[in-house]
Enquirer: 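So that we are looking at the same thing, I have put the structure below in structure tokens.
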Number of protein chains: 2
Amino acid sequence: MSKQFISIKELALALNLSTSTVSRAFRNKDDIHPDTKKLILEKAKELGYYPNIYASNLRNSKSRTIAVIMPELANNFFSLAVKGIERVAQLNGYHTLIYVTDSLYEKEVEIIEDLYNGRVEGIIMSASGEGNDHRYINKLKSKNIPLVFFDRVYDDTDYPKVTTDDYESCFKAADYLLDNGCKTLAFLVIDKNVSIGNARMKGFEDACAKHNLPEDNALIIDCSNDFDESSSRIRQLLKTRKIDAIIASVERLAVAAYTVCLNENIKIPEDIKLISYSNLSIAHLLNPPLSTIAQPAENLGVNAAEILFDILKGLEPTNKNVILKSDIIQRKSTQFFR
Amino acid sequence: MSKQFISIKELALALNLSTSTVSRAFRNKDDIHPDTKKLILEKAKELGYYPNIYASNLRNSKSRTIAVIMPELANNFFSLAVKGIERVAQLNGYHTLIYVTDSLYEKEVEIIEDLYNGRVEGIIMSASGEGNDHRYINKLKSKNIPLVFFDRVYDDTDYPKVTTDDYESCFKAADYLLDNGCKTLAFLVIDKNVSIGNARMKGFEDACAKHNLPEDNALIIDCSNDFDESSSRIRQLLKTRKIDAIIASVERLAVAAYTVCLNENIKIPEDIKLISYSNLSIAHLLNPPLSTIAQPAENLGVNAAEILFDILKGLEPTNKNVILKSDIIQRKSTQFFR
DNA sequence: CTGTTAGCGCTTTCAA
DNA sequence: TTGAAAGCGCTAACAG
């Protein structure tokens, strides 16, 4: 069996050239005669030579690799975001490592610490924790590893952030429901302490305050990532009180709410309105069609990646705090009848 | 500003030890005195030393990295599969690179060729092309880079494959519809030449044959990844013929079919039955609830990853052709009335 | 335009 | 149990 990899030395030998000349053939400078370059490239192909990237990374301390760290992946929002990131990375000739934390803060810490060694040139992250101690992230600075947040951010860090207008979109959604006569609203949230949960909740609260809704009619319902747990919370709520409308801060909770309403024979939108943050492409096919606050997920990823590559190219990003607009799409689940 | 990374040399110097001793402290062998090891580890922490992985990769030709290559990512099936793969990789202490081809065969070739240099120790792939010329894949063998296919495979290669029972599940689905009296069936497919499209189509055809359906009543409809194109194909079909049931070979086509039926006021399941391969977790919330053939997506990823890691550990996989069962879940979209 | 040479940071014999 | 030394494959400064 032939050798697994041939080295630059062997290629040089086969061509009766020095390794440096051969090396030059693989870079885009004009410090080599075109004919020589051609010769080398041909021979390389013939012999199946590929530069060993680990040797070259070692020399240059450049890995042409970035990392994406996020709470979950199997989900419309995150998979779209990663798609956007990966595309930009490919365009820049970079490779993309992904890491899923399963929403576990400790895993996030572990993963970041595993990147201190210079495996990647930069990191794009959606945060998994509320976390107060962000030293493990700030330590990246001393290693010159830039980081860009998207969607779920740590507000107390000064890394660039790409988010959506969480406060405004939720305010608008609630405002709309209240304008149309809803008197009791419930806001379903998974974690009030994470950036987006908090911003959305504030938007909700402020809209309710604007309409002078008694606090008891503006309910914040703490749910979780567990479907059954959230469902039973919601079921209990709907059984004990008449709620006019629900705003779900994440898609998963809208699904739980739908399912509860279906089982309990509560009619959407007749008995209750429902709107949710969601990137479902088939919201219009649900029963009833779901009103959504749709984040530009892929674009969020693209923007975050572009900022990161700007930094890697040595450019200061013009805007370290990009806020993209979400689309509120009213469908039948928030229809009013007069 | 302090140095970005400190090297083993500097750490050794600080401890008045040799680099080889320091190096030993970071491996799990008993060729170093426990006390010395402890001392080194402590000092390393204090000084923020992390072994440079590129130097160590170079020495060992081991990158502890695998690649996942797939046609798309923003999709329930693939994001679940990747989730499974990434989890197994993390458990094995490996890193996961992802590459999305956008269903472009040429991109797949490019990506694979970019991995000839040894960047990864192994590859897990769902194929993007029908492709006849798979030399670029077989070339991985000479580089000792193992590959495992999942879902979309190249049948003419002898790499391990993890797939689902595409033929059987589609046969069963068609059989069920025919048993219940459907006389004209349409099978929506994107590419008859890719492994899964083909296997599913064969299952469909054989079921129709079993029921002696005239060929003209067992329609194969060529669709595409483009929503509008597929929709208009389906619309045309439904306008020109009375179809009793549709089997969609991928989720995307079911969505198109739903939308067409909605727009054309064709009632599911009264006017037409619909069943689709799909990993939608909310199939039961659609209008009407969608009958699905659900592949164990995450498990597919886990199995493929486990086979790859077996190979990397030097074990011959016991089964080079794993076939997992899909779940056929009948919901309202295939309900019959008597 | 090409070659010589040193060295990136680490690991692993081999010798002590 | 530790250290000395060679070398993984590549690149870049320098000399020619």
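Keep in mind that the numbers below use all heavy atoms, side chains included, and drop hydrogens, waters and symmetry copies. Here is how names work: the chains are called A, B, and so on, in the same order as the sequence lines, proteins then strands, and each is numbered from 1.
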Enquirer: Using only side-chain N and O atoms of N117(B), determine if any of them is under 4.0 Å from OP1 or OP2 of dG9(D).
Expert: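 False: N117(B) side-chain N/O out of range (4.0 Å or more) of dG9(D) OP1/OP2.
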Enquirer: Look at the side chain of I8(A) and decide which nucleotide, out of dT11(D), dT2(C), dC8(D), has an atom nearest to it.
Expert: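 Of the options given, the side chain of I8(A) lies nearest dT11(D).
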Enquirer: May I have the distance from K62(A) (atom NZ) to dC10(D) (atom P), rounded to whole angstrom?
Expert: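 My rounded result for the distance is 19 Å.
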Enquirer: Please determine if a side-chain N or O atom of T21(A) lies less than 4.0 Å away from the OP1 or OP2 oxygen of dG3(C).
Expert: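 Checking dG3(C) against T21(A), a side-chain N or O does come within under 4.0 Å of OP1 or OP2.
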Enquirer: Can you tell me if Y54(B) touches the phosphate of dT11(C), counting only side-chain N or O atoms and a distance under 4.0 Å to OP1 or OP2?
Expert: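 It does not, given that no N or O in the side chain of Y54(B) lies less than 4.0 Å from OP1 or OP2 of dT11(C).
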Enquirer: Just to be sure I understand the rule, does D31(B) reach a base, reach only the sugar-phosphate, or reach nothing, if contact means heavy atoms closer than 4.0 Å?
Expert: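 Base contact - D31(B) has a heavy atom under 4.0 Å of at least one base atom.
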Enquirer: Touch check for S20(A), heavy atoms < 4.0 angstrom, all strands: base, sugar-phosphate only, or nothing?
Expert: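 Base contact - S20(A) has a heavy atom under 4.0 Å of at least one base atom.
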Enquirer: Side chain of T19(A) only, please: which of dT5(C), dT2(D), dG3(C) is the nearest?
Expert: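 That would be dT5(C).
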Enquirer: Which part of the nucleic acid does S61(A) contact within heavy-atom distance under 4.0 Å: base, sugar-phosphate only, or nothing?
Expert: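 Contact class for S61(A): none.
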Enquirer: Would you tell me whether Q90(A) and Y99(B) have side-chain atoms, one donor and one acceptor, within less than 3.5 Å of each other?
Expert: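 Judged by distance alone, the side chains do not pair up.
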Enquirer: Does R27(A) put a side-chain nitrogen or oxygen below 4.0 Å from OP1 or OP2 of dT11(D)?
Expert: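 So the side chain of R27(A) is within the cut-off, an N or O lying under 4.0 Å from OP1 or OP2 of dT11(D).
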Enquirer: Side chain of N60(A), backbone of K62(A): donor and acceptor closer than 3.5 Å?
Expert: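 Checking the backbone N and O of K62(A) against the side chain of N60(A), no donor-acceptor pair under 3.5 Å is found.
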Enquirer: Let me know the distance between CG of L13(B) and C1' of dT2(D), rounded to the nearest Å.
Expert: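 In whole Å, dT2(D) C1' and L13(B) CG are 17 Å from each other.
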Enquirer: Select one nucleotide: of dC8(C), dG3(D), dT12(C), the one nearest the side-chain heavy atoms of R59(B).
Expert: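 From the listed options, dT12(C) comes nearest.
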Enquirer: Looking only at side-chain atoms of A55(B), point me to the closest of dG9(C), dC1(C), dC10(D).
Expert: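 Out of dG9(C), dC1(C), dC10(D), the nucleotide with an atom closest to A55(B)'s side chain is dG9(C).
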Enquirer: Is a side-chain donor or acceptor of D191(A) paired with a backbone partner of N193(A) at a separation under 3.5 angstrom?
Expert: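 Yes; at least one donor-acceptor contact below 3.5 Å.
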Enquirer: Could you check how far OH of Y49(A) sits from C1' of dC10(D), rounded to whole Å?
Expert: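 After rounding, the reported distance stands at 7 Å.
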Enquirer: Just to be sure I understand the rule, does I53(A) reach a base, reach only the sugar-phosphate, or reach nothing, if contact means heavy atoms closer than 4.0 Å?
Expert: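 If one applies the 4.0 Å heavy-atom cut-off, I53(A) turns out to touch nothing in the nucleic acid.
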Enquirer: Would you mind classifying the nucleic acid contact of S56(A) as base, sugar-phosphate or nothing, using non-hydrogen atoms under 4.0 angstrom?
Expert: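 Result for S56(A) = sugar-phosphate.
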Enquirer: Rounded off to whole Å, could you give me the CG-to-C1' distance for the N52(B) and dG9(D) pair?
Expert: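 So the CG-C1' distance, N52(B) to dG9(D), works out to 14 Å.
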Enquirer: So do the side chains of Y136(A) and K139(A) get within less than 4.5 Å of each other, counting heavy atoms only?
Expert: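 No, their side chains stay 4.5 Å or more apart.
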Enquirer: Base, sugar-phosphate or nothing for L58(A)? Non-hydrogen atoms, less than 4.0 Å.
Expert: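 Here L58(A) touches the bases of the nucleic acid.
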Enquirer: With sugar-phosphate meaning primed atoms plus P, OP1 and OP2, does F26(B) contact a base, only sugar-phosphate, or nothing at under 4.0 Å between heavy atoms?
Expert: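 The answer is nothing, as F26(B) stays clear of every strand by at least 4.0 Å.
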Enquirer: Could you check how far NZ of K38(A) sits from P of dC1(C), rounded to whole Å?
Expert: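 The distance from NZ of K38(A) to P of dC1(C) comes to 16 Å, rounded to the nearest Å.
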Enquirer: Salt bridge or not for D158(A) and K141(A), using N-O below 4.0 Å?
Expert: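 Salt bridge flag = yes for K141(A) with D158(A).
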Enquirer: Side chain of S18(A), heavy atoms from C-beta onward: which of dG3(D), dT11(C), dG3(C) has the nearest atom to it?
Expert: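 Closest nucleotide among those given: dG3(C).
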Enquirer: With a non-hydrogen cut-off below 4.0 angstrom, is N57(B) in contact with a base, only sugar-phosphate, or nothing?
Expert: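 It contacts nothing in the nucleic acid.
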Enquirer: Mind calculating the distance between CG (N60(B)) and C1' (dC10(C)) to the nearest angstrom?
Expert: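 Going from N60(B) (CG) to dC10(C) (C1'), I get 8 Å.
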Enquirer: By nearest atom, which of the nucleotides dT12(C), dC10(D), dC14(D) is closest to the R24(A) side chain?
Expert: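 The nucleotide sitting nearest to the side chain is dC14(D).
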Enquirer: Rounded to whole Å, please give me the gap between OH in Y50(A) and P in dC8(D).
Expert: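 Taking atom P of dC8(D) as the reference, OH of Y50(A) is at 22 Å.
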Enquirer: With a 4.0 Å cut-off, would you call R135(B) and D133(B) a salt bridge?
Expert: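 Counted as a salt bridge, because a side-chain N and a carboxylate O are separated by less than 4.0 Å.
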Enquirer: Between E121(B) and R64(B) (side chain of the first, backbone of the second, donor and acceptor by atom type, cut-off under 3.5 Å), is there such a pair?
Expert: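 Pair found, side chain donor or acceptor close to backbone of R64(B).
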Enquirer: So, is T36(A) near the phosphate of dC1(C), with a side-chain N or O under 4.0 Å from OP1 or OP2?
Expert: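 So the side-chain polar atoms of T36(A) never come under 4.0 Å of the phosphate oxygens OP1 or OP2 of dC1(C).
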Enquirer: Could you state the CD1-P distance from I40(B) to dT11(C), rounded to the nearest angstrom?
Expert: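 From I40(B) CD1 to dT11(C) P: 12 Å.
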